[in-house]
Amino acid sequence: MSVIQVHDKKFQPYIGEQQLQERIREISAALSNDLKGKKPLFIAILNGSFMFAADVFKNLTIEAEISFIKLVSYKGTKSTGNVVTSIGLDEDLYGRTVVILEDIVDTGKTLSQFLPQLEHQQPEKLLIASLLTKPEAMKYPIKIDYLGFSVPNKFLLGYGLDYDGLGRNLPEIYQLVE
Ligand code: IMP
């Protein structure tokens with residue numbers, strides 16, 4: 001692995017493929033152990049989480065379902081401000097064990113706006129699994145139940161994360177060279 005260029009910026013190797021896969025196997029093992037017999041519903045948030053979701057899901061050893069959603073942000077009324085809503089969630093969450101799969105929790109804004117909508121459906125349990133989080137950037141505290149890596153507040157690329165549309169295909173994670 002070496003420094004790569006995407007659009008106008010340079011990125012250096014940060015988390016290798018093997019390290020990523022090892023950590024994901026540990027997360028899947030913990031989920032399989034904790035949620036045995038619960039038939040959890042995994043909800044992967046697109047676009048960024050598609051690789052993480054696929055790798056977590058294929059390493060599970062329990063019965064589980066998965067659904068993919070996209071979050072869209074639009075301007076609400078003056079009192080509601082920006083509203084985040086989902087496209088593609090057809091499942092009924094009532095009484096279910098639900099695990100959100102996220103690529104990265106950065107400021108926490110997206111999830112903090114979206115989670116109440118899921119809670120409204122009264123799942124038995126609502127858990128969050130995120131590959132990455134940037135504690136220094138967190139403005140809306142989110143409790144992450146299953147975390148891959150805690151990282152500094154620098155822009156990352158690869159393994160589902162993009163820079164202006166590119167870089168999602170990289171099997172490892174790169175960090176912006178400043
Ligand atoms: P939040 O609402 O600030 O937590 O935003 C989270 C979303 O921002 C993630 O799901 C990513 O799509 C995007 N994001 C945050 N940090 C990065 C990064 O370092 N690289 C690429 N996308 C990022």
Side-chain angles (χ1 to χ4, degrees), residues 1-17 19-21 23-24 27-28 31 41-57 66-76 80-89 93 98-120 126-178:
M1 285 166 78
S2 52
V3 171
I4 57 166
Q5 172 122 13
V6 175
H7 295 302
D8 56 333
K9 301 215 185 305
K10 287 190 163 52
F11 294 86
Q12 61 192 7
Y14 185 59
I15 307 175
E17 189 174 3
Q19 201 186 345
L20 276 176
Q21 293 301 328
R23 190 75 192 103
I24 288 164
I27 291 173
S28 294
L31 284 162
L41 170 65
F42 286 78
I43 298 178
I45 301 183
L46 297 174
N47 293 329
S49 76
F50 74 99
M51 279 209 195
F52 176 57
D55 284 337
V56 166
F57 202 67
I66 190 163
S67 192
F68 296 84
I69 65 167
K70 208 159 177 160
L71 294 184
V72 285
S73 180
Y74 63 94
K75 255 197 147 43
T80 52
N82 269 6
V83 183
V84 172
T85 187
S86 68
I87 302 176
L89 186 60
L93 307 187
V98 175
V99 185
I100 302 293
L101 294 169
E102 251 294 28
D103 51 353
I104 183 164
V105 178
D106 187 16
T107 64
K109 190 172 180 191
T110 314
L111 279 187
S112 73
Q113 289 184 337
F114 179 58
L115 289 178
Q117 293 174 42
L118 297 182
E119 273 154 9
H120 189 69
L126 185 56
L127 299 163
I128 296 170
S130 182
L131 178 63
L132 302 157
T133 189
K134 296 177 182 169
E136 297 157 33
M138 186 91 79
K139 283 197 201 119
Y140 304 79
I142 296 284
K143 180 174 165 276
I144 300 171
D145 301 283
Y146 299 88
L147 173 66
F149 301 92
S150 202
V151 297
N153 192 10
K154 290 192 177 166
F155 191 80
L156 300 176
L157 177 80
Y159 196 71
L161 296 167
D162 74 309
Y163 167 47
D164 209 4
L166 295 182
R168 293 195 201 273
N169 54 310
L170 297 162
E172 57 278 296
I173 289 178
Y174 289 77
Q175 188 182 60
L176 178 68
V177 179
E178 283 164 297

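Just follow the structure's listing: the first ligand is 1, and inside any ligand the first atom is 1. When a residue number appears, it is its place in the shown sequence, counting from 1.
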Donor on one side chain, acceptor on other, Asp55 and Tyr159, under 3.5 Å
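Present: a donor and an acceptor within the cut-off.
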Side-chain donor-acceptor pair present, Lys10, Gln5, cut-off under 3.5 Å
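Yes - a donor-acceptor pair under 3.5 Å links their side chains.
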Side-chain heavy atoms of Leu101 within contact of Ile66, under 4.5 Å:
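Yes, their side chains come closer than 4.5 Å.
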Which residue supplies the protein heavy atom nearest to [atom], what is that atom called, and how far is it?
atom	answer
atom 14 (N) of ligand 1	Ile104 CG2, 3.7 Å
atom 22 (N) of ligand 1	Leu161 CD2, 3.8 Å
atom 10 (O) of ligand 1	Asp103 OD1, 2.9 Å
atom 20 (N) of ligand 1	Leu156 O, 2.7 Å
atom 5 (O) of ligand 1	Thr110 OG1, 3.6 Å
atom 1 (P) of ligand 1	Thr107 OG1, 3.4 Å

Atom 12 (O) of ligand 1: protein heavy atom closer than 4.0 Å?
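Under 4.0 Å from atom 12 (O) of ligand 1, at least one protein heavy atom found.
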Where does the angle between the aromatic ring planes of Phe11 and Tyr163 fall among parallel (under 30°), tilted (30 to 60°) and perpendicular (over 60°)?
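Because their plane-to-plane angle lies in the 30° to 60° range, the rings of Phe11 and Tyr163 count as tilted.
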Checking Ser67 side chain against Ile43 main chain: does a donor-acceptor pair fall under 3.5 Å?
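No, because the side chain of Ser67 does not come within donor-acceptor range (under 3.5 Å) of the backbone of Ile43.
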Test of proximity, Gly108 against ligand 1: N or O pairs below 3.5 Å:
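Yes, there is a polar N/O contact under 3.5 Å.
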Please list, chain by chain and in numerical order, all residues satisfying side chain to side chain donor-acceptor pair (under 3.5 Å) with Asp106, sequence neighbours excluded.
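Residues passing side chain to side chain donor-acceptor pair (under 3.5 Å) with Asp106: none at all.
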Compute the minimum heavy-atom distance from Lys134 to ligand 1 and say whether it is under 4.0 Å.
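Within the 4.0 Å threshold, so yes.
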Listed by chain and number, what are the salt bridge (charged side-chain N to carboxylate O under 4.0 Å, His left out) partners of Lys143, not counting sequence neighbours?
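Expected list: Asp145.
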Considering only heavy atoms, does Asp162 approach ligand 1 within less than 4.0 Å through its side chain, its backbone, both, or neither?
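The part of Asp162 near ligand 1 is the backbone, not the side chain.
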